[in-house]
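Note on naming: letters A, B, ... go to the chains in the order of the sequence lines (proteins, then strands), and numbering restarts at 1 for each one.
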2 protein chains.
Amino acid sequence: MADQKIPQVTAKRLPLYYRYLEKLHAIGKQRVSSAALAEALQIDPATIRRDFSYLGELGKKGYGYNVNYLLQFLRDFLRQDEVTNVVLIGVGNLGTALLRYNFYRSHNTKIVAGFDIDEGKIGMDIDGVPVYSMNRLKEVLELHSVEVAILTVPVSAAQSTTDQLVNAGIRGILNFTPARLNVPSHIRIHHIDLTVELQTLIYFLKNFPTNESKGEQNG
Amino acid sequence: MADQKIPQVTAKRLPLYYRYLEKLHAIGKQRVSSAALAEALQIDPATIRRDFSYLGELGKKGYGYNVNYLLQFLRDFLRQDEVTNVVLIGVGNLGTALLRYNFYRSHNTKIVAGFDIDEGKIGMDIDGVPVYSMNRLKEVLELHSVEVAILTVPVSAAQSTTDQLVNAGIRGILNFTPARLNVPSHIRIHHIDLTVELQTLIYFLKNFPTNESKGEQNG
DNA sequence: TGCCTTTTGTGATGATATGCACATATTTAT
DNA sequence: ATAAATATGTGCATATCATCACAAAAGGCA
């Protein structure tokens, strides 16, 4: 298995490929070329071929890629057949929206519980997801074998909540707060900083009115 | 002005610096070193110094950076005193959450209007933000000099909505849909793909249990 | 004052990612 | 069967970032 050393950027593009291949499969497409993928996904065809080449020789010269085969390969590689349970901490506006976002339907990632400290929210059921008190954190994580948390608490509570998560055995955090979280080195954190994304977009618009620098297409 | 060629990554870190300097200012700190910033923001001190060096020689050897001076400099550079008006298209769960997120209070970015095609939503007022019909798009954009839109429509409507935005004169789009939008080259798009972020985090957890590769800290 | 400490700004190097360009293999058409 | 068309996989050049390491400058203390 060529599993060993996929570049970070490639790992982030694989779900994109997967999603598009699903679409192709759905409409009955049998084959696809890197050029066609490139057109649809707005990624350079050479980059796409290189990405796939990390996983093995998945295509055939003069033909392209077999949609079914590639789809199945990526499904295995990305372990799309395993459901991954996650929890969400902080059932505010954004938290509630994400609970309702339903990652599950399309991506085998399931939010199995929400947590909050607001008594008024504890006990609620949001689109089938129960909201618990924080002191049931460890219990629920163990029950559902949860290793990943989505953090949507106010920034003031971010670090203390993170400490609780680490304590309860979490391994990955998707952090929507602007706080830079302090965690042991074995914990993985991905930040999504909505304000920074918006500010950066505005910065580039104001300073480079014409789009001369192609610029990355992701947060 | 050294305004010319700031690396993309630097531009994304500047708001982080700005935010932290505000905090330092608030607690009365007069000076700060790159090492201290590094500790707080979890960014290598050399990277921080290099970032600032793109803007000029803002520090003093043996002393560090003057908090007030640096804060003011960044405020000007990032034009934090100008309010930027933006609109949001698609007042669903996520859209509503973002409307309520209140970028304005802390970051001089103001969502002045929401748009939707749902008759039931048109005319609503969400935390002071009015929701309009899509056919008033151009009018409202012009009224408030809006150049940036946040796109939170269902993926099926993403491209057609984008076409309308482009037509109405928008220049930047913060795209929360998984669609790869097709736009003229002078339009700038930043993607925030929540599903990919979550999937990528999970991928790394499953495949690199120990955090041997430091990994980037942002979407 | 003079010396030691601190800390910047940056040259140099290394790491990571992109995309060109082409040899090579396969398909498709005649 | 043969030629033309297609499209992969990858060597290589280029671009972009991160970080080391250190000279130079300024602060701070005795």
Side-chain angles (χ1 to χ4, degrees), chain A residues 2 4-14 16-17 21 24 29-67 69-70 73-74 200 204 208 212-219, chain B residues 2 4-14 16-17 21 24 29-67 69-70 73-74 200 204 208 212-219:
Chain A
Q4 275 318 58
K5 265 301 177 197
I6 308 294
Q8 298 244 351
V9 279
T10 297
K12 279 186 76 164
R13 283 190 294 258
L14 294 182
L16 259 41
Y17 301 142
L21 286 166
L24 290 180
K29 267 264 183 194
Q30 297 291 322
R31 54 183 275 193
V32 67
S33 66
S34 62
L37 288 169
E39 166 84 21
L41 300 175
Q42 295 170 36
I43 299 172
D44 188 276
T47 298
I48 295 178
R49 292 198 299 277
R50 173 99 43 199
D51 282 345
F52 291 155
S53 80
Y54 290 122
L55 314 184
E57 308 212 350
L58 305 178
K60 222 185 285 184
K61 302 186 192 212
Y63 176 86
Y65 301 89
N66 178 289
V67 171
Y69 177 76
L70 188 53
F73 188 95
L74 285 178
T200 306
F204 278 109
F208 308 101
E212 85 281 36
S213 77
K214 253 208 79 189
E216 33 75 273
Q217 288 248 316
N218 207 310
Chain B
Q4 275 318 57
K5 265 301 177 196
I6 309 294
Q8 298 244 351
V9 278
T10 297
K12 280 186 75 164
R13 282 190 294 259
L14 294 181
L16 260 41
Y17 302 141
L21 285 166
L24 290 180
K29 267 263 182 193
Q30 298 290 321
R31 56 183 274 195
V32 67
S33 67
S34 62
L37 287 170
E39 167 84 21
L41 299 175
Q42 295 169 35
I43 298 172
D44 189 277
T47 299
I48 294 177
R49 292 199 299 278
R50 173 96 46 196
D51 281 346
F52 290 155
S53 81
Y54 291 120
L55 313 183
E57 308 212 350
L58 306 178
K60 224 186 285 185
K61 302 183 192 217
Y63 176 86
Y65 301 88
N66 178 289
V67 170
Y69 177 77
L70 188 53
F73 189 95
L74 285 178
T200 306
F204 279 109
F208 309 100
E212 83 280 37
S213 79
K214 255 206 80 188
E216 34 73 275
Q217 288 247 316
N218 207 311

Given B:Arg50, B:Glu39, B:Arg49, the one that forms side-chain hydrogen bond (donor to acceptor under 3.5 Å, both in side chains) with B:Ser34: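 Answer after filtering B:Arg50, B:Glu39, B:Arg49: B:Arg49.
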A:Asp44 side chain, from C-beta outward: closest of C:dT27, C:dC20, D:dC17: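 That would be C:dC20.
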Provide, to the nearest angstrom, the distance between the [atom1] atom belonging to [X] and the [atom2] atom belonging to [N].
X	N	atom1	atom2	result
A:Gln30	C:dT27	CD	P	15 Å
A:Tyr69	D:dT8	OH	P	15 Å
B:Glu57	D:dA26	CD	P	10 Å
A:Tyr63	C:dT28	OH	C1'	13 Å
A:Leu58	D:dA7	CG	P	17 Å
A:Lys61	C:dT28	NZ	P	17 Å
B:Glu39	C:dT6	CD	C1'	17 Å
B:Ile48	D:dA18	CD1	C1'	12 Å

Contact nearer the 5' end of DNA chain C, comparing A:Asp51 with B:Ala46: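 The residue mapped nearer the 5' terminus is B:Ala46.
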Validation row: A:Thr10, A:Leu55 side chains within 4.5 angstrom (heavy atoms):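 Counting from C-beta outward, A:Thr10 and A:Leu55 never come under 4.5 Å.
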Side-chain touch A:Leu70/A:Asn66, heavy atoms, less than 4.5 angstrom: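 A side-chain contact under 4.5 Å is absent here.
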Verify the contact: side-chain N or O of [X] to OP1 or OP2 of [N], cut-off strictly under 4.0 Å; return yes or no.
X	N	value
B:Ser34	C:dT7	no
A:Thr47	C:dT18	no
B:Arg31	C:dT7	yes
B:Arg49	C:dT6	no

Base C:dG19 paired with A:Arg50 side chain (donor-acceptor, <3.5 Å):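 Indeed there is one.
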Atom pair OH (A:Tyr17) and CG (A:Asp51), whose distance is rounded to the nearest 0.5 Å: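 Interatomic distance, A:Tyr17 OH to A:Asp51 CG, rounded to 0.5 Å: 3.5 Å.
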CG on B:Leu37 to OG1 on B:Thr47, rounded to 0.5 Å: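 With rounding to 0.5 Å, OG1 (B:Thr47) is 12.0 Å from CG (B:Leu37).
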Sugar-phosphate only, base, or nothing, as touched by A:Tyr65 at under 4.0 Å among non-hydrogen atoms: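 Answer is sugar-phosphate: A:Tyr65 comes under 4.0 Å of backbone atoms only.
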